Amino acid sequence: MIHNKTIDAQLNHRSIRKFKDTTLNKEQLETLYSVFAQTPTSMFMQNASLIHIIDPEEKKKIRELCNQKYVGAEGDLFIFVVDLYRNQQIRKQLGKDDGRVHTTDIFFQAMEDTLLAYQNVANAVESMDLGYVPLGTVNDHPLEMLKTLDLPKLTFPVLGMQVGVPDQKPQLKPRLPLQFTCFEGKYDKDFDVKELRDYDKVVTTYYDLRDSNRRIDSFTKQITGAKLDNHETDRDELPEELHQQELCLDWK
């Protein structure tokens, strides 16, 4: 395997949930903004935007919606947004109709732009010896989050990122063996759950060492547990909220 500073940082990524009581300086912020802007973009549409949350009350509300105490606490909070509003406004102000802006196709292109930008910024964060944690919980209560962020139609928050100077050194979480996730030539459909027994033991040991008070779960037990069982959550509102934002209107 090839090793260099970038690859080693990626192979040793750990989500950081405890940060020192400091915020990013101007140079660090400008660097992350520039990295965000230089991310590859589908058809050069640049359908993504980045919001740096600075208002304490807004941080508090986002923390409540995410139900994670470290959100908006120490460090800096960013929200990565699918943004088709800007290009709609360009068309409108130059005398054109909305065209395909409301289609699922264009939404997926914007989603790709946003996720690529997210990972680009994440790599830049770690290259500066900072840490971060992804916040998928920004979509736990989509309607309230849209109101809190005061987002216009044709935008949607995809992920949050809490960034700062790490104040912890968590263990490296063990990933699935490559034979189950990386394939040569074609997807391998010959899957047997029994082959995950050794990995289950590794995951159980990881959780046991990380927190002896935590409920210990193997990987397969997590997959068969409550997270994927049939139950209603506010996330079930996502299709409706996308439509209310005038996104994916051709998706029934």
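Worth knowing before you read on, the calculation uses all heavy atoms, side chains too, and leaves out hydrogens, waters and symmetry mates. Every value quoted in this text rests on a predicted model; they were computed, and no experiment measured them.
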**OP:** List the atom of Ala110, the atom of Val82, and the distance in Å for their closest heavy-atom pair.
**Re:** CB-CG1, 3.6 Å
Original post:
Is Val158 reachable from Tyr33 through a run of I, L, V, M, F, W or Y residues, each pair having side-chain heavy atoms under 4.5 Å apart?
Top reply: yes
Subject >> Derivation and outcome, side-chain contact (heavy atoms from CB on, under 4.5 Å), residues Leu151 and Tyr85 >> reply: CA-CA 10 Å; Leu151 288 172; Tyr85 173 81; over 6 Å; no
Subject >> Of all pairs that satisfy side-chain hydrogen bond (donor to acceptor under 3.5 Å, both in side chains), the ones with a partner from residues 138-150, not counting sequence neighbours >> reply: Asp140-Arg235, His141-Asp234
Subject >> Exam field: side chain Asp98 to backbone Val101, donor-acceptor pair closer than 3.5 Å >> reply: no
Subject >> Taking every non-hydrogen atom, the tightest pair across Asn120 and Pro40 >> reply: ND2-CD, 4.4 Å
**OP:** Compare every heavy atom of Ser127 with every heavy atom of Lys5, then report the nearest pair and how far apart it is.
**Re:** NZ-O, 4.5 Å
Original post:
Who are the ring-ring contact (aromatic ring centres under 6.0 Å, His included) partners of Tyr132, not counting sequence neighbours?
Top reply: His13
**OP:** State which residues pass salt bridge (Lys or Arg N to Asp or Glu O under 4.0 Å) with Arg14; sequence neighbours excluded, sorted by chain then number.
**Re:** none
Original post:
Under 3.5 Å, is there a donor-acceptor pair between the side chain of Arg86 and the main chain of Ala48?
Top reply: yes
Original post:
Please walk me through it: do Phe36 and Thr114 pass side-chain contact (heavy atoms from CB on, under 4.5 Å)?
Top reply: CA-CA 9 Å; Phe36 178 91; Thr114 309; 5.9 Å; no
Subject >> Residues Arg197 and Asp200 bridged, charged N to O under 4.0 Å >> reply: no
**OP:** Could you tell me whether Asp192 atom CG has more than 12 heavy atoms of other residues or ligands within 6.0 Å of it?
**Re:** yes
Subject >> Residues, nucleotides or ligands: over 12 heavy atoms within 6.0 Å of Lys201 NZ >> reply: no
**OP:** Please examine the side chains of Leu196 and Leu176, heavy atoms only from C-beta on, and report whether any two atoms are closer than 4.5 Å.
**Re:** yes
**OP:** Please examine the side chains of Cys248 and His102, heavy atoms only from C-beta on, and report whether any two atoms are closer than 4.5 Å.
**Re:** no
**OP:** Decide, yes or no, whether a salt bridge links Asp97 with Arg91 under the criterion of side-chain N to carboxylate O below 4.0 Å.
**Re:** yes
**OP:** Please answer: with hydrophobic residues joined when any side-chain heavy atoms are less than 4.5 Å apart, are Phe80 and Leu116 in the same cluster?
**Re:** no
Subject >> Over all atoms of both residues, closest heavy-atom pair of Gln222 and Asp217 >> reply: CG-CB, 3.5 Å
**OP:** Report the distance from atom CD1 of Ile62 to atom CG of Asp55, rounding to the nearest 0.5 Å.
**Re:** 9.0 Å
Original post:
Heavy-atom distance under 4.5 Å between the side chains of Thr103 and Phe107, does that happen here?
Top reply: no
Original post:
How about Val133 and Ile16: do any of their side-chain heavy atoms sit closer than 4.5 Å?
Top reply: no
Original post:
Run the side-chain contact (heavy atoms from CB on, under 4.5 Å) check on Val165 and Asp129 step by step: do they pass?
Top reply: CA-CA 8 Å; Val165 178; Asp129 295 322; over 6 Å; no
Subject >> Interatomic spacing from CG in Leu154 to CG in Asn47 - rounded to 0.5 Å >> reply: 10.0 Å
Original post:
Among all residues two or more places apart in sequence or in another chain, which pass the side-chain contact (heavy atoms from CB on, under 4.5 Å) test with Met128?
Top reply: Gln28, Thr31, Leu32, Leu130
**OP:** Compare all side-chain heavy atoms of Thr224 with those of Phe219 and state whether any distance is below 4.5 angstrom.
**Re:** no
Original post:
Is it true that atom CG of Leu172 has more than 12 heavy atoms of other residues, nucleotides or ligands lying nearer than 6.0 Å?
Top reply: yes
Subject >> Leu50 side chain reached by Val81 side chain, heavy atoms, under 4.5 Å >> reply: no
Original post:
Quick one: CD on Glu126 to CG on Asp8, what's the gap to the nearest 0.5 Å?
Top reply: 12.0 Å
Subject >> Neighbour count >12 (heavy atoms, 6.0 Å) for atom CD, Glu232 >> reply: no
**OP:** Find out if a path of hydrophobic residues (ILVMFWY) with successive side-chain heavy-atom gaps under 4.5 Å connects Phe180 to Val193.
**Re:** yes
Subject >> Atom CG of Asn12: over 12 foreign heavy atoms under 6.0 Å >> reply: yes
Original post:
Looking at CD of Glu195 and OH of Tyr199, how far apart are the two atoms once the value is rounded to the nearest 0.5 Å?
Top reply: 15.0 Å
**OP:** Spell out, as yes or no, whether a donor-acceptor pair under 3.5 Å connects the side chain of Gln245 to the backbone of Pro152.
**Re:** yes
Original post:
How many angstroms lie between CD in Gln93 and CD in Gln88, if you round to the nearest 0.5 Å?
Top reply: 9.5 Å
Original post:
Do Gln244 and Glu240 have side-chain N/O donor and acceptor atoms under 3.5 Å apart?
Top reply: yes
Original post:
Hey, is CG on Leu238 packed in by over 12 heavy atoms from elsewhere, all under 6.0 Å?
Top reply: yes
Original post:
Residues two or more places apart in sequence or in another chain: which of them pass side-chain contact (heavy atoms from CB on, under 4.5 Å) with Phe108?
Top reply: Thr104
Original post:
Just wondering, are more than 12 heavy atoms of other shown residues or ligands nearer than 6.0 Å to CZ in Phe191?
Top reply: yes
Subject >> side-chain contact (heavy atoms from CB on, under 4.5 Å) between Asn123 and Tyr118, intermediate numbers included >> reply: CA-CA 9 Å; Asn123 290 343; Tyr118 189 98; over 6 Å; no
**OP:** Could you name each residue pair satisfying salt bridge (charged side-chain N to carboxylate O under 4.0 Å, His left out) that touches residues 62-80, not counting sequence neighbours?
**Re:** none
Original post:
If you take all heavy atoms of Leu135 and Gln162, which pair is closest and at what distance?
Top reply: CD1-N, 3.9 Å
Original post:
Given side chains that start at C-beta, do those of Ile79 and Ile53 come closer than 4.5 Å, heavy atoms only?
Top reply: yes
Subject >> Rounded distance [0.5 Å steps], CD in Gln171 versus OG1 in Thr205 >> reply: 10.0 Å
Original post:
Can you get from Met145 to Leu143 by hopping between Ile, Leu, Val, Met, Phe, Trp and Tyr side chains that sit under 4.5 Å apart?
Top reply: no
Subject >> Heavy-atom side-chain contact between Phe156 and Leu247 under 4.5 Å >> reply: yes
Original post:
Which heavy-atom pair separates Asp113 from Ser42 by the least distance, and what is that distance?
Top reply: OD1-N, 2.7 Å
Subject >> Criterion salt bridge (charged side-chain N to carboxylate O under 4.0 Å, His left out) on Asp105 and Arg100, from CA distance to verdict >> reply: CA-CA 8 Å; Asp105 170 37; Arg100 291 178 50 78; 2.7 Å; yes
Original post:
Would one find more than 12 heavy atoms of other residues, nucleotides or ligands at under 6.0 Å from atom NZ of Lys59?
Top reply: yes
Original post:
Can any side-chain N or O of Gln168 pair as donor or acceptor with the backbone N or O of Arg17 at less than 3.5 Å?
Top reply: yes
